[in-house]
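Along the sequence shown, residues carry numbers from 1. Order of appearance sets the numbers: ligands from 1, and atoms from 1 within every ligand.
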Amino acid sequence: MLPLPESQKRDCQVVVIGAGIGGLTAGALLASRGYDVLVLEQAYVPGGCASTFKRRGFTFDVGATQVAGLEPGGIHARIFETLGVEMPESIPCDPACAVYLPDEAEPIQVWRDPKRWQQERLEKFPGSERFWAKLDELFSLSWDFNQRDPLLPPTELSDFLALATKLRPNTLLTAPYALRTIANLLKDFKLDKDVRLRRFLDMQLKLYSTVEADETAALYGAVSLGLSTEPQGLFHLEGSMQVLSDRLVEALRKYNGRLLTAQMVRAVKADQGKAIGATVYDRRKDREWEVKADQIIANVPIWSLTELLGNVLPRPYRQKIDKLPDAPGAFILYLGVRADCIPEDCPLHLQFLYDYNGPIAENNSLFVSVSRPGDGRAPEGCATIIASTFTNARVWWQDESYDALKKSYAREMLTRLSTHFIDLEKHILHQESATPRTFKNFTARPFGFVGGIGQRPNQFGPFAISNRTPIENLWLVGDSTYPGEGTAGVSYSALNCVRLLENEVG
Ligand SMILES: Cc1cc2nc3c(=O)[nH]c(=O)nc-3n(C[C@H](O)[C@H](O)[C@H](O)COP(=O)(O)OP(=O)(O)OC[C@H]3O[C@@H](n4cnc5c(N)ncnc54)[C@H](O)[C@@H]3O)c2cc1C
């Protein structure tokens, strides 16, 4: 083993593997509480799925394009306040999304004003009032519970005792829905044959929970669907998504924490069931080094733990990981365009479904984000259009078909986008695409899986994956753990992890 460079000689109290929003938030919070924190990121820039890249004057958001939790009291707002750094500038998305169903010229617009959204959904989905009222009720009850910061899932006696203090009589009203799905609720209200409503819900839920109405837990679905309206809401960051991680890095450094990029953790070292350090590969210097730490926080998808620990992970935990259903992959087209091709008053986010009988994936359903004039993503008179579709990540690992598949996905997506954006192809100044392989290369996510664990009733809330791992002093944060994906979700995960770690370390 090579001796450590001078700057990296000191052992750390806490090593964080990965500078995604989950790792940076956990690292910055611990640094602000006086811990000596070192964050190691394998990429050359922090942010993971919420970072950006630049091409020919355009700035493209790699994955995440909209942010929840920036409203007063929202999770990002609370964390920035705690860390004493400025909130990134943002504007609310209104509508949060415009959803186009097959052969319909008028979209369903998810308005920010709850009354306007209520009116819209009653007009667009006649007869569904009672279903939406039930979702609103479940949202209020669940949100009320969330606001008390429950530590979920409980895995030790102390967790159960702490959780008991967060329960209120009204929390019990959610109990009958704990094991139900959104599709079960549709059936309760005799709406299971309403294909338009069902597919609208499938499209929205897939974005937030990676699974559709038949699999999404009713309580998770109610919360994620309710987040688009005031007093919560979705936000568009000024500049780019990178601002979010930049502010977290600023906070980390403010409290003397350190971030080293281009450092790939290849193995977590453990001794007698306790994590004690990591073997790191420096991509710039092409050499390995070792770091010792009292605590290790892995901001990686749960599947990566198998790679990082191998047989050190107890067998039942490895089997649990092996049994998890695959997460989806994403195919993404990044376009830098002349802005004339964008229809007037185009919302920031759109969704399209082309065939009711097709999947919410594989170009049959697209999620599209469009930049706003002056938001820092494109030169004057230009804009960025980012279109994504879910895809089976494993299909992209066959070398023989990869290039052809990538081309045909891009071609089909462009054809579909051309039905909405005016003379699109003539206006393109830059075009490139990302596949699950790109995501694996850029974010080290196994198979290029994105979005974490699907929020099914048996994997949500009390049954979610814990920040605790079976290896002492090794913690997991990010979109595999409670409460799930999204920059807001992984910020909760980081906050919970910090609370658990502090309780344990004392
Ligand atoms: C296409 C797409 C669109 C999305 N849209 C939205 C959206 O609009 N809004 C929203 O809120 N969310 C969205 N999401 C989800 C959101 O981006 C993620 O849930 C969230 O950013 C995940 O954060 P994380 O910290 O858990 O993980 P990641 O972002 O994956 O970060 C993990 C970090 O760890 C690093 N790393 C991994 N392994 C190692 C290792 N061995 N050594 C060192 N470093 C390592 C990675 O390089 C990465 O930087 C989207 C995701 C995708 C892919």
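Given atom 38 (N) of ligand 1, the protein heavy atom at minimum distance is V300 CG1, 3.5 Å.
Looking at I21 next to ligand 1, an N or O pair under 3.5 Å apart turns up. Not one N or O of L308 is nearer than 3.5 Å to an N or O of ligand 1, by distance alone. Remark: ligand 1 and S388 share no N or O pair separated by less than 3.5 Å (distance only, no angle test). Some N or O of V265 is nearer than 3.5 Å to an N or O of ligand 1, by distance alone.
The side chain to side chain contact (heavy atoms under 4.5 Å, CB included) check on P95 picks up Q109, W111, P347, with sequence neighbours excluded.
Few gaps surround CD on E502; more than 12 heavy atoms of other groups in view lie less than 6.0 Å from it.
Under the 6.0 Å distance and 45° angle rule, K440 does not count as a cation-pi partner of F447.
At distances below 3.5 Å, at least one donor-acceptor pair connects side-chain atoms of N299 with backbone N or O atoms of G20.
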Sequence neighbours excluded and cut-off under 3.5 Å, please list the side-chain donor-acceptor pairs for residues 227-236, or say none.
from, atom 1, to, atom 2, distance (Å)
T229, OG1, G226, O, 3.2
H236, NE2, D375, OD2, 2.8
H236, NE2, R377, NH1, 3.3

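Not a single heavy atom of R266 sits less than 4.0 Å from an atom of ligand 1. Within the structure, the closest approach of V67 to ligand 1 does not fall below 4.0 Å when heavy atoms are considered.
The option with the heavy atom closest to atom 13 (C) of ligand 1, from among A64, A19, A50, G451, is A64.
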